[in-house]
Amino acid sequence: MFRNQYDTDVTTWSPTGRLFQVEYAMEAVKQGSAAIGLRSRSHVVLACVNKAQSELSSHQKKIFKVDDHIGVAIAGLTADGRVLSRYMRSEAINHSFTYESPLPVGRLVVHLADKAQVCTQRSWKRPYGVGLLVGGLDESGAHLYYNCPSGNYFEYQAFAIGSRSQAAKTYLERRFESFGDSSREDLIKDAILAVRETLQGETLKSSLCTVSVLGVGEPFHFLDQETIQKVIDTFEKVPEDEAGEAGEAGEGEAEAAAAAAPAEQGGGGAGDQDVAPMEM
Amino acid sequence: MTFTIPIDNGDSVKTAEADSQRTLYPYVTGTSIVAIKYKDGVLMASDMGGSYGSTLRYKNIERMKAIGKHSLLGASGEISDFQEILRYLDELVLNDNMWDDGNSLGPKEVHNYLTRVMYNRRNKFNPLWNTLVLGGVKNGESYLGMVSMIGVSFEDNHVATGFGNHLARPILRDEWHADLSFEDGVKLLEKCMRVLLYRDRSAINKLQIAKITEEGVTVSQPYSLKTFWEFKAFNNPTAGAEGSW
């Protein structure tokens, strides 16, 4: 995208019918570190890559609990994401208080989208620079939605946003048809595998990713490092190049011998792995 | 009332004039509602009377109404406040339907909404002068609850309002059990309504029984209960005390 004379205000249309400021806001989402969501009929898993400003700092919180039955993962301007999460929590709790019943996630998402739309139609506001993956449960089952700075929202079986999310999306596209009937454990494994795709070469460790689960009979909660590491261990022996085929069937059979030592071609990221980022 | 409760609407404290804006006493009132859970859902009974003080002025008032797909609301107390509540609920159900998203308000949600409304009005010293009974079935689960004009709210297997609390509930406590059949449920309700008819001055012999199940709400046509007045003691009531009446 290049600068042009129609991109100064969010309230200026271009002659081709585009609102450039809104599109630039969507670019901001692509700058954030990856967030991934997938759902089965009964569960939703949200996972993200833990990005820290520097070796000295803790990583950004990117997944928020909105209510026992709703969670959100963000990518982009995390400050905007934090504010929107607070709004979502407020909506959920107000509904709960009045009706003693969980807010249907589809309705929350519409409220959120309407809020985002307002910022695309006021000259004194700017669009929110954050993409939200909202996962939740309601009467009709498990849902995963993506809310865009433009005020649009879409429902997905699986989605990934943020930097290098295309790699994760490619992985998910290959597998999404089976997610509906996936077990909870398989869904978690697929989420972590998708996270691995975005790391592109860096060794996957439990300290690098955050995973949350919610489902029927299971309120939203984060998985602890141990649990994540156990899942990683079931496939970690497979070298990154063969991720596509090996990820599907069993783990490290003939490949195990050839890839005994985890690939060290991490490159720039390798140094960080010696200093474990602070826990959430 | 000899004392005035000041109302602060943000500017100054108002008295007499503003008093006419608050509910102080009820005018046209309905008497008891009795309701029980049974095998397929909830049964509710009420008579069709609207009293204006001690005058039985209106004899065709329906005090039970269906709310949305899953709930049934019965009210005793001020009839105009009941109509106001029906308007609130109408709006609530309308907005719920407009979402058109497969989610619908169940009896628990409606009951809690009403509790919030009643309690908030009570806090403003402007109550809706009703005791409401909310029954319903959603996803196979029966629900029966009550909210009073001061916002006291609870659920139970059988509820009654007004005089029903004193006359019907003891019967229900003795004779209600889980999984009553429809016929047994109606018989039980009729037993309670008959006692109320004999003993509650504001009751009339014209009642309706409403049923709510997973399929929906049906309100019966009005009918009367058989009563018996040929007790020997009624024939010569002053036999034991000449001169009294």
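Since this is a predicted model, take the numbers as computed values, not measurements.
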B/W99 vs A/V110, side-chain contact (heavy atoms from CB on, under 4.5 Å): CA-CA, chis, key distance, verdict: CA-CA 10 Å; B/W99 278 103; A/V110 174; 3.6 Å; yes
A/I93 CD1: over 12 foreign heavy atoms closer than 6.0 Å: no
B/K108 side-chain N/O to A/Y99 backbone N/O, donor-acceptor pair under 3.5 Å: no
More than 12 heavy atoms of other groups within 6.0 Å of B/E141 CD: no
Heavy-atom neighbours of B/K69 NZ exceed 12 at 6.0 Å: no
Heavy-atom proximity to chain A below 4.5 Å, by part of B/L105: side chain
B/F163 atom CZ, neighbour heavy-atom count above 12 within 6.0 Å: no
Within 6.0 Å of OH in A/Y153, more than 12 heavy atoms from elsewhere: no
Residue B/H166 excluded, over 12 heavy atoms near NE2 under 6.0 Å: no
Atom group of B/D96 that falls short of 4.5 Å from chain A, counting heavy atoms: both
side-chain contact (heavy atoms from CB on, under 4.5 Å) evaluation trace for A/E100 with B/R116: CA-CA 10 Å; A/E100 274 247 4; B/R116 291 293 115 231; over 6 Å; no
Atom pair NE2 (B/H111) and OG (A/S101), whose distance is rounded to the nearest 0.5 Å: 14.0 Å
Sub-4.5 Å side-chain heavy-atom contact between B/N103 and A/D138: yes
